Number of protein chains: 2
Amino acid sequence: MRTSRQRQLILDLVRSRALNHPTAQDVHDAVRDHMPGVSLGTVYRNLHQLVETGEIMAVQSEGPVHYDWNREPHLHLHCRRCGSLVDVPLDLEATVREQGRALGHALEEIDIHVRGTCSRCLGSTNKPQ
Amino acid sequence: MRTSRQRQLILDLVRSRALNHPTAQDVHDAVRDHMPGVSLGTVYRNLHQLVETGEIMAVQSEGPVHYDWNREPHLHLHCRRCGSLVDVPLDLEATVREQGRALGHALEEIDIHVRGTCSRCLGSTNKPQ
DNA sequence: CTAATTGCAAACGTTTTGCAGCGTT
DNA sequence: AACGCTGCAAAACGTTTGCAATTAG
C-alpha cells in the first residue's frame, strides 16, 4: 500500500474526532473542504483499506455505515432521536468469546449495537439535533 | 392490521425454520413456490410489519437484512466462510443495560453481531456452502 | 362500503466498479 | 518503468414508494 495525500487526509479527519462517527458521505464533505477534487469513490476505497489495516473501524447499524477512530472495546448507542452514535465503553469480548468456544465457533469480531435515546436527548425537550 | 394470505404465508415460512435467517429475497423465493404472483415489494412491506408487531426480528450485519423467528435473547455469529448466520444463546442485556443506565442513556434494543467461522465450516476443508 | 393490501414499476440512497490517466516509489 | 491510486461516470445493490386495482372486514 502506497501513501497518498487523499488517504492520509481521510485518516487524519476520522482520527481528529472533529467528525462524530461519520458516514462515507460525511467524510467526503469534510475532505472536500481541504481538497476539493476528491471523489466519493476514492473516499469509499480508502475507508475500506483503512478498515482492512485496522486503522479505523466500520460500524453498521441502520442506514449507511459509520466509521470510528476508537479501537478500544466498546459498543455503540444509536440514538433514535438525534441519530447520533455514542460510544459506550464496555468489554464483553471475553464473555462472548467463551460462549463461542463452547459452541465450537472461531470468533473474530464482536460488534454490538444498542438503540435507544442518548443522555443528551433525554435531558432536553427540544427538537432532535 | 388485516389478515392477508400473503402475510400469513410469509410469517409461516419465517417461523417454520425451513429457512435459516432468510433475507427478503430468500423469503420472496420461498413465497413464490407457494404463491407465484407475490411481489418483492409486498414481501418487504410485510416483513416490516411483522418486525413492528414483534412477530419476527430483523438482523443487520453486512449486506442485506436477515430475519429471525427466534425471539429469545441471543446473538448472531455471521460465518465469514459460508455466510450463514448462527444463533448463539447468550443474554447480555442486563450487563449492557446497567452500563447504559450508568451513562444516563435509555436503551431499547441491543443487537450483537459476531463475525468469525462457524463450527460446521471449521470442521470441513471443503468449499464453503 | 371502506380502507388495508396488493402487483407493478419506477425511484431511491448507498456502495461498487471499469476505465483511462496520474502519482509514488 | 511499474503499478497503486485517482476522478469520473455508470452500474449494482438492497430497499422504498406511488399508483390503480383488488380484497378483507
Side-chain angles (χ1 to χ4, degrees), chain A residues 1-14 19 21-53 55-68 76 78 83 85 111 113 115, chain B residues 1-14 19 21-53 55-68 76 78 80 83-85 111 113 115:
Chain A
M1 182 157 94
R2 287 182 187 165
T3 60
S4 82
R5 304 185 335 97
Q6 289 87 337
R7 179 157 52 241
Q8 190 57 52
L9 176 54
I10 288 167
L11 178 56
D12 288 346
L13 280 168
V14 176
L19 305 172
H21 295 93
T23 62
Q25 191 58 250
D26 294 335
V27 173
H28 188 217
D29 293 346
V31 163
R32 292 177 104 164
D33 289 346
H34 298 80
M35 285 178 70
V38 179
S39 74
L40 186 55
T42 294
V43 171
Y44 272 106
R45 275 184 289 234
N46 279 311
L47 288 171
H48 277 173
Q49 284 180 274
L50 293 169
V51 168
E52 200 119 314
T53 59
E55 310 257 26
I56 61 177
M57 269 186 54
V59 182
Q60 172 83 255
S61 179
E62 287 170 356
V65 173
H66 294 249
Y67 294 90
D68 193 349
H76 298 105
H78 191 173
L85 285 169
D111 184 9
H113 308 305
R115 283 181 277 273
Chain B
M1 181 156 94
R2 288 183 186 163
T3 59
S4 81
R5 307 190 327 101
Q6 288 88 338
R7 180 157 50 242
Q8 190 56 52
L9 176 55
I10 289 167
L11 178 55
D12 288 346
L13 280 168
V14 175
L19 305 172
H21 296 92
T23 63
Q25 190 59 248
D26 294 335
V27 174
H28 188 217
D29 293 345
V31 163
R32 292 177 106 165
D33 289 346
H34 299 79
M35 283 177 72
V38 178
S39 75
L40 186 55
T42 294
V43 170
Y44 273 105
R45 275 185 289 233
N46 280 311
L47 287 171
H48 278 173
Q49 284 180 276
L50 293 169
V51 168
E52 201 119 313
T53 58
E55 309 258 26
I56 62 177
M57 272 184 54
V59 182
Q60 171 83 256
S61 179
E62 288 169 354
V65 174
H66 294 248
Y67 294 90
D68 194 348
H76 297 106
H78 190 172
R80 284 220 155 111
S84 70
L85 284 170
D111 185 9
H113 309 306
R115 283 181 277 273

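Remember, it's a predicted structure, so these values are computed and weren't measured experimentally. Every chain is numbered from 1, with letters handed out A, B, ... down the list of sequences.
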- prompt: What closest approach, in Å, do B:I10 and B:L47 show between heavy atoms, and which atom pair accounts for it?
  reply: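 Between these two residues, the closest heavy atoms are CG2-CD2, 3.8 Å.
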Output the rounded distance in Å from [atom1] ([X]) to [atom2] ([N]).
{"X": "B:D26", "N": "D:dC13", "atom1": "CG", "atom2": "C1'", "result": "15 Å"}
{"X": "A:E52", "N": "D:dG4", "atom1": "CD", "atom2": "P", "result": "15 Å"}
{"X": "B:L40", "N": "C:dC8", "atom1": "CG", "atom2": "C1'", "result": "11 Å"}
{"X": "B:L47", "N": "D:dT16", "atom1": "CG", "atom2": "P", "result": "10 Å"}
{"X": "B:R32", "N": "C:dC8", "atom1": "CZ", "atom2": "C1'", "result": "11 Å"}
{"X": "B:Y44", "N": "C:dA11", "atom1": "OH", "atom2": "P", "result": "19 Å"}

task: Enumerate the residues from residues 1-12 of chain B whose closest heavy atom to DNA chain D is under 4.0 Å, giving them by residue number; use none for an empty result.
output: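 DNA chain D contact set from residues 1-12 of chain B: B:R2, B:T3.
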Determine whether [X] and [Y] make a side-chain contact, defined as any pair of heavy atoms from C-beta on separated by less than 4.5 Å.
{"X": "A:V14", "Y": "A:L50", "answer": "no"}
{"X": "A:Q6", "Y": "A:L9", "answer": "no"}
{"X": "A:Y67", "Y": "A:V51", "answer": "yes"}
{"X": "A:Q8", "Y": "A:D12", "answer": "yes"}

Heavy atoms under 4.0 Å, any strand shown: does [X] hit a base, just sugar-phosphate, or nothing?
{"X": "A:G37", "value": "sugar-phosphate"}
{"X": "A:H48", "value": "sugar-phosphate"}
{"X": "A:Q49", "value": "sugar-phosphate"}

- prompt: With nearest nucleotides of DNA chain D determined for B:P64 and A:G41 from heavy-atom distances, which residue corresponds to the more 5′ nucleotide?
  reply: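 Going by which nucleotide is closer to the 5' end, it is A:G41.
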Mark yes or no for whether [X], through its side chain, and [Y], through its backbone, hold a donor-acceptor pair below 3.5 Å.
{"X": "A:D26", "Y": "A:T23", "answer": "yes"}
{"X": "A:H66", "Y": "A:H21", "answer": "yes"}
{"X": "A:H28", "Y": "A:V38", "answer": "yes"}

- prompt: Hey, is CD on A:E52 packed in by over 12 heavy atoms from elsewhere, all under 6.0 Å?
  reply: no
- prompt: Has the side chain of A:R45 got a donor or acceptor atom sitting under 3.5 Å from an opposite partner on the base of D:dG4?
  reply: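 Between D:dG4 and A:R45, which were checked side chain against base, a qualifying N/O pair under 3.5 Å is absent.
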task: Compute the bend angle of the helix from C:dC1-D:dG25 to C:dT25-D:dA1 from the end axes (five pairs per end), rounded to 10°.
output: 40°
